[in-house]
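Note sheet for the following structure.
Just so it is clear, the values below take in all heavy atoms, side chains as well, and ignore hydrogens, waters and symmetry mates.
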Amino acid sequence: MKQQSRWSLLFPTLILLTLTLLYLSSLLLPKTPSPNPNNPSPPPKPCDLFRGRWIHDPFRRPLYDATCPFHRNSWNCLRNGRHNMTRINSFRWAPAACPSAVPAVDPEGFLRAMRGRRIGFVGDSLNENFLVAFLCVLRSADGGARKWKRKGAWRGGYFPRFDVTVAYHRAVLLARYKWQPENDTSANGVKGIYRVDVDIPADDWINVTKFYDVLLFNTGHWWGPDKFPDKTPLVFYREGKPVIPPLGISDGLRVVLNSIIPIIEREVPRTTLKFWRMQSPRHFHGGEWNQNGSCLFDHPLDEIQLDSWFDPKNGGVNKEAREVNHVIEQAIRGTSIRLLDFTHLSEFRADAHPAIWLGKKDAVAVWGQDCLHWCLPGVPDTWVELLATLILQNIEND
C-alpha cells in the first residue's frame, strides 16, 4: 500500500519533468516561420530559356523533309543538296539553368491545345523563315493542311483537323512606307525616296489585329544602308510632314518603334498573346553579302568566338543584331509584349545557313551567299520548340 502511495506521488513529478524537458528542447530547435497570408513568399524565378548551349544529339531528327508543301525554294536545303544537313539538325538547345525545360515539340498536342485559334507572324523575311518552319512542323500532325492566304497574308497554312490558322503578314518596317520617284536626278543623284510615316502602321497588319489569338512581330533587317542606299534613302514623316532635322536610319528605327509599339498595345486586344522576336544574327565571314562574304562552316561557333563576331565594339559586318536589339529592348520595356530572345542561341550557328545552296542557277553570282536566312529544317525548328513552349504556358495560364 505504501509502494502504491509513493508511485502516486512520483507520477505527477515525472509528468512535470517530461513537459519541462520538451519545452526546453523546443527553445533550442530552429524556428520555422508560420506563413503570413499578407506577405506571401515570392514565386520561383522563371528559367531563362534563351541562355545555354547546343548539345550534339545524334538521335535528333527533324519532323519534316524536302517535300513539305510550305517550303520556300531558297531555304529548302535538303532539296538543294546542302552539305552537312544531318549534322546541322543533330543539335538541340539546352538552357543553362534548366536543360530539359524545352521539350521536343509535339505537333499534335500543340494543335489540339490551340484548337480553333489563330497565330500571326508580322515582319520581314526572317519571320517568314520562322513561319515556314512552324508550318512544316505542324503539318506532320495534319496531312490535310493546306495553304492559306486570306486577310492580306503573304503566306500561311490552315490545319483542318484542329481548325488552326498560322499565317505571315509582310511588313518589313512595320510603319507605312512607299516609293516616291524624283523627277530630277541631275542635281544630287537621288533617284527618289522611300517615305516612311512613322506614326502610321502598315496596312499589311493593322487591319488584322483582332483576327489572331497570338501575334509575333519583328523588324530590323531592312534598317541598313544595303536596303536603302544614298540614292534611294528613307525619309521620315510625322503627321504628314517631314521630320526636321532629318533622321538617319538608326534614329528612324528608334522613332518608328516608339510610335508603332504603343499602337500595338492599343489596337491588339488585351487577351491576345503578343511576342516580339529579337534579331536573327548574320554570319558573313570575310566581307558583306555583296563583297564575297561567306558562311561555309561545318560546325557551330564556340562561345568564346561570339563577341569577336557580333559585339558592335569590334565594328564587324555582323554587328547589326546586337545594335538593333538594344533599340528594341528599350522600346518594348514596360509593355505587355513578351520578348523572344533568339539572338544568343542563333549566334552559335554559323554552320546552318543556305550559303551557296540556293536552288537557283546564278543566284550566288547575283545575290551572294545567303548567310542571313536559315536552312530548313534547321535552327528555326528550335525557335518553334521555344515558341510552342511559351504559347502553351501562357494559354494554359489564361
Side-chain angles (χ1 to χ4, degrees), residues 72-74 121-129 149 151-155 168-209 217-264 267 279 282 284 287-293 317 320 323-324 327-328 331 358 360-370 372-373:
R72 180 167 160 176
N73 181 47
S74 57
F121 290 67
V122 177
D124 58 34
S125 60
L126 269 299
N127 255 11
E128 183 183 1
N129 204 184
K149 288 182 67 174
K151 300 285 184 178
W154 188 266
R155 66 166 64 207
Y168 162 69
H169 296 259
R170 182 177 171 86
V172 297
L173 303 183
L174 295 183
R176 187 175 74 181
Y177 83 104
K178 61 182 179 180
W179 170 247
Q180 292 185 178
E182 179 69 45
N183 293 326
D184 181 12
T185 61
S186 59
N188 53 19
V190 173
K191 298 178 181 178
I193 65 165
Y194 285 96
R195 169 176 169 162
V196 182
D197 288 281
V198 301
D199 49 353
I200 302 177
D203 292 338
D204 308 81
W205 66 270
I206 192 59
N207 297 320
V208 294
T209 55
F217 294 90
N218 99 293
T219 189
H221 293 290
W222 279 61
W223 294 89
D226 58 320
K227 295 292 187 182
F228 300 103
D230 292 340
K231 291 183 178 181
T232 54
L234 295 176
V235 176
F236 299 93
Y237 283 67
R238 181 189 280 120
E239 297 179 351
K241 299 177 182 178
V243 175
I244 302 296
L247 300 174
I249 288 180
S250 296
D251 287 333
L253 170 62
R254 177 179 50 79
V255 171
V256 164
L257 291 178
N258 288 335
S259 298
I260 295 298
I261 288 172
I263 295 174
I264 293 173
E267 295 295 328
Q279 288 299 93
R282 315 173 333 148
F284 289 100
E288 269 285 5
W289 66 273
N290 57 352
Q291 298 170 344
N292 296 318
V317 298
E320 165 206 278
E323 287 181 333
V324 172
V327 180
I328 292 171
L358 301 177
K360 191 174 182 181
K361 186 179 179 181
D362 298 330
V364 175
V366 175
W367 298 106
Q369 293 189 29
D370 188 350
L372 171 64
H373 301 98

* Structure fact -> When rounded to the nearest 0.5 Å, the distance separating CD of Q279 from CG of L126 is 7.5 Å
* Asked: For H221, what residues pass the ring pair (Phe, Tyr, Trp, His ring centres under 6.0 Å) criterion, not counting sequence neighbours?
  -> none
* Residues two or more places apart in sequence or in another chain: which of them pass salt bridge (Lys or Arg N to Asp or Glu O under 4.0 Å) with D197? -> R176, R195
* Asked: Taking only residues two or more places apart in sequence, or in another chain, which ones meet D199 in a side chain to side chain donor-acceptor pair (under 3.5 Å)?
  -> none
* How many angstroms lie between atom CG of N218 and atom CD1 of I328, to the nearest 0.5 angstrom? -> 7.5 Å
* side chain to side chain donor-acceptor pair (under 3.5 Å) against N129, all qualifying residues, sequence neighbours excluded -> none
* Nearest heavy-atom pair of L358 and G368: which atoms, and what distance? -> CD1-O, 3.8 Å
* Mind checking what makes side chain to side chain donor-acceptor pair (under 3.5 Å) contact with W223, not counting sequence neighbours? -> T219
* Asked: Taking the side chain as C-beta and beyond, is there a heavy-atom pair between N290 and D226 under 4.5 Å?
  -> no
* Asked: Does some side-chain heavy atom of V196 sit less than 4.5 Å from a side-chain heavy atom of L173?
  -> yes
* **Contacts of type side-chain contact (heavy atoms from CB on, under 4.5 Å), residue A171, not counting sequence neighbours** => V122, L174, A202, D204, W205
* Asked: With a 4.5 Å limit on heavy-atom distance, are the side chains of I264 and F217 in contact?
  -> yes
* Structure fact -> salt bridge (Lys or Arg N to Asp or Glu O under 4.0 Å) filter on E320, not counting sequence neighbours, yields none
* To do: Apply ring pair (Phe, Tyr, Trp, His ring centres under 6.0 Å) to Y177 and list each qualifying residue two or more places apart in sequence or on a separate chain.
  => Y194
* Structure fact -> Rounded to the nearest 0.5 Å, the CZ atom of F121 sits from the CZ atom of R155 at a distance of 12.5 Å
* Sequence-distant partners of R170, salt bridge (Lys or Arg N to Asp or Glu O under 4.0 Å), two or more places apart -> none
* Asked: To the nearest 0.5 Å, what is the distance between CG (D230) and NZ (K191)?
  -> 12.0 Å
* **Closest contact, heavy atoms only, K151 versus V208** => O-CG1, 3.4 Å
* Structure fact -> Sorted by chain and residue number, the side chain to side chain donor-acceptor pair (under 3.5 Å) partners of T209 (sequence neighbours excluded) come out as none
* So how far is it from F284 CZ to W289 CH2, rounded to the nearest 0.5 Å? -> 8.5 Å
* **From I260 atom CD1 to E267 atom CD, the distance as rounded to the nearest 0.5 Å** => 10.5 Å
* Only counting residues at least two apart or in another chain, list the ones meeting side-chain contact (heavy atoms from CB on, under 4.5 Å) with N207. => D203
Side-chain donor-acceptor distances from residues 231-251 under 3.5 Å, at least two apart:
none

* To do: With the side chain counted from C-beta on, respond yes when S125 and H373 share a heavy-atom pair under 4.5 Å apart, and no when they do not.
  => yes
